[in-house]
Amino acid sequence: MKYLNYILILVGAIVAMYAKVNDANQNQYILIVGIVLLMIGVYRISKTIPSKRDREADNDFIEEDRT
C-alpha cells in the first residue's frame, strides 16, 4: 500500500511536468490533475510520519521505564 503513495507522487509529477512543457497549448485541467495527484501522495506519506512531540513523548516514556 505504501508503494501507492510513491506511484501517486511520480505520476502526479510527470503529468504536471507534461502539462507545463506544452506552454503553447497548455491544458489547465491536466496540470491541476497532476498537482492534485502529487499532493495526495505527499499527504498520504506525511500522515505516516510521527510528529516530533510524539517521538519525544515516547522517548520520555522509555527512559522512565529504565529507571
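Partners of Val11 under the side chain to side chain contact (heavy atoms under 4.5 Å, CB included) rule, at least two apart in sequence or in another chain, are Ile7, Val15, Leu37. The side chain to side chain contact (heavy atoms under 4.5 Å, CB included) search around Ile35 returns Ala16, Leu31, Met39, not counting sequence neighbours. Judged as a side chain to side chain contact (heavy atoms under 4.5 Å, CB included), and not counting sequence neighbours, the contacts of Val42 are Ile9.
Residue pairs meeting the side chain to side chain donor-acceptor pair (under 3.5 Å) criterion with at least one partner in residues 30-44, sequence neighbours excluded, are Asn5-Arg44.
Using a 4.5 Å cut-off between side-chain heavy atoms of Ile, Leu, Val, Met, Phe, Trp and Tyr, Leu10 falls into a hydrophobic cluster with Ile14.
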